[in-house]
Amino acid sequence: MTSPRTRLIADTAVALLADRGLRGLTHRAVDEAAGLPPGSTSNVARTRAALLTLTLDRLAEVEAAPLQTSPPTAELTPEAARGLLVSFLVDGVGAALTTGRALTLARFELALEAGRDPEVRDRYDALGAGFRAIAASLLAAAGGEDAERRARYLIAWCDGILFNATAGSGQAAPPTPDELREQAELLLRTLLQP
């Protein structure tokens, strides 16, 4: 995000999406919720698609922040890469189900909109490719074959757990950190088999 005002608009849009859904996200609603003068949001994001892609960019920025502190994969042993992957999965999915639940809800709202809006779809897919590349790099460092294809499985597991525990039938009993660790370790053993 380039400016504090742009970040405020994007963060407010995330909160509105999580709280009200897509119908509750308007330029005017963002201005009001952020305490900005009327027209401020439309000055930053002229169209609805621009507002949605701005929101997607902010979501990706916040969700990728914990990944920025990891060492380069070339410096990792296979064991260290596996440990880092498990840690990212448990901590990342766990945070997305608790402290980052609003981000998760907003992301699912945007995922559904991406199915209807090609501009949002393009941005959603581009940002998703970045997360898949990180997963593939770690899988390769952990000794996995066909890491790019298997990274798709890893991302699908994450999305499935998140959807089930935030909007699906598992909402009343989301997985505990121990359950996430058990599942992540089992998944990685499977993905890392030749």
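Atom set for the values below is all heavy atoms of this structure, side chains included, hydrogens, waters and symmetry mates excluded.
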Practice task
Taking all non-hydrogen atoms of both residues into account, name the closest pair between Val62 and Pro66 and its distance.
Solution key: O-CD, 3.7 Å
Exercise for the section: Mind checking the CG-CG spacing from Leu110 to Leu127? Nearest 0.5 Å is all I need. Expected result: 10.5 Å
Fill in the blank from the handout: Heavy-atom nearest pair, Ala147 first then Ala136, reads CB-O, 3.3 Å
Practice task
Can you run down the ring pair (Phe, Tyr, Trp, His ring centres under 6.0 Å) pairs that involve residues 69-119, sequence neighbours left out, and say none if there aren't any?
Solution key: Phe108-Phe163
Completion exercise
Note: Arg5 and Pro37 closest approach over all heavy atoms is NH2-CD, 4.4 Å
Completion exercise
Sequence neighbours excluded, the answer for side-chain contact (heavy atoms from CB on, under 4.5 Å) partners of Arg116 is Leu22, Leu112, Glu113
Handout entry: Distance in Å, Arg82 CZ paired with Leu192 CG, rounded so as to fall on 0.5 Å steps
Key = 6.0 Å
Handout entry: Flag side-chain contact, heavy atom, 4.5 Å: Leu139 against Leu188
Key = yes
Practice task
Working to the nearest 0.5 Å, report the span between OG1 of Thr104 and CD of Glu109.
Solution key: 12.0 Å
Problem - Working for side chain to side chain contact (heavy atoms under 4.5 Å, CB included), residues Leu17 and Leu105 - result: CA-CA 7 Å; Leu17 276 174; Leu105 289 170; over 6 Å; no
Exercise for the section: Please report the closest heavy-atom contact between Ala81 and Ala142, naming both atoms and the distance. Expected result: CB-N, 3.6 Å
Under 3.5 Å, side-chain donor or acceptor atoms of residues 91-102 against the rest of the protein: list the pairs with distances, not counting sequence neighbours.
unit_1: Asp91; atom_1: OD2; unit_2: Ser87; atom_2: OG; d: 3.2
unit_1: Thr98; atom_1: OG1; unit_2: Gly94; atom_2: O; d: 2.8
unit_1: Arg101; atom_1: NH2; unit_2: Thr166; atom_2: O; d: 3.2

Handout entry: Lys/Arg N to Asp/Glu carboxylate O, Arg121 vs Asp117, below 4.0 Å
Key = no
Exercise for the section: List the steps and the verdict of side chain to side chain contact (heavy atoms under 4.5 Å, CB included) for Thr176 and Arg181. Expected result: CA-CA 9 Å; Thr176 65; Arg181 180 168 300 283; over 6 Å; no
Practice task
Run the salt-bridge test on Arg149 and Asp146 with the 4.0 Å N-O cut-off and return the result as yes or no.
Solution key: yes
Exercise for the section: Test side chain to side chain contact (heavy atoms under 4.5 Å, CB included) on Glu61 and Asp57 and set out the steps. Expected result: CA-CA 6 Å; Glu61 178 181 29; Asp57 288 345; over 6 Å; no
Practice task
Flag the pair Val30 / Thr26 as yes when at least one side-chain heavy-atom distance between them is below 4.5 Å, and no otherwise.
Solution key: no
Handout entry: Gap separating the OG1 atom of Thr55 from the CG atom of Leu103, nearest 0.5 angstrom
Key = 11.5 Å
Handout entry: Residue pair Glu63 / Arg107, side-chain heavy-atom distance below 4.5 Å
Key = yes
Exercise for the section: To the nearest 0.5 Å, tell me how far Leu180 CG sits from Cys158 SG. Expected result: 9.5 Å
Handout entry: For Ala80, all residues meeting side-chain contact (heavy atoms from CB on, under 4.5 Å), sequence neighbours excluded
Key = Leu76, Thr77
Exercise for the section: Might you confirm whether atom CD of Glu179 has over 12 heavy atoms from other residues, nucleotides or ligands at distances under 6.0 Å? Expected result: yes
Problem - Crowding at CD, Gln171 (>12 non-hydrogen neighbours, <6.0 Å) - result: yes
Handout entry: Polar side-chain atom of Arg150 near backbone of Leu191 as donor-acceptor pair, under 3.5 Å
Key = yes
Exercise for the section: State, to 0.1 Å, how close Gly24 and Ala29 come at their nearest heavy-atom pair, and which atoms those are. Expected result: O-CB, 3.6 Å
Handout entry: Residue pair Leu154, Leu85: steps toward the side chain to side chain contact (heavy atoms under 4.5 Å, CB included) verdict
Key = CA-CA 10 Å; Leu154 187 65; Leu85 260 169; 3.9 Å; yes
Handout entry: Note, Thr53 side chain near Tyr124 side chain (heavy atom, < 4.5 Å)
Key = no
Handout entry: Closest contact, heavy atoms only, Arg58 versus Ala10
Key = CB-CB, 3.5 Å
Handout entry: Side chains of Ile161 and Gln183 in contact at under 4.5 Å (non-hydrogen atoms)
Key = yes
Exercise for the section: Could I get the full list of side-chain contact (heavy atoms from CB on, under 4.5 Å) partners for Asp31, not counting sequence neighbours? Expected result: Leu36, Ser40, Thr41
Handout entry: Side-chain (His27) to main-chain (Asn43) donor-acceptor, under 3.5 angstrom
Key = no
Handout entry: CD-CG distance between Glu32 and Leu16, expressed to the nearest 0.5 angstrom
Key = 9.5 Å
Practice task
Please name all residues satisfying side-chain contact (heavy atoms from CB on, under 4.5 Å) with Ala126, sequence neighbours left out, ordered by chain then number.
Solution key: Arg123
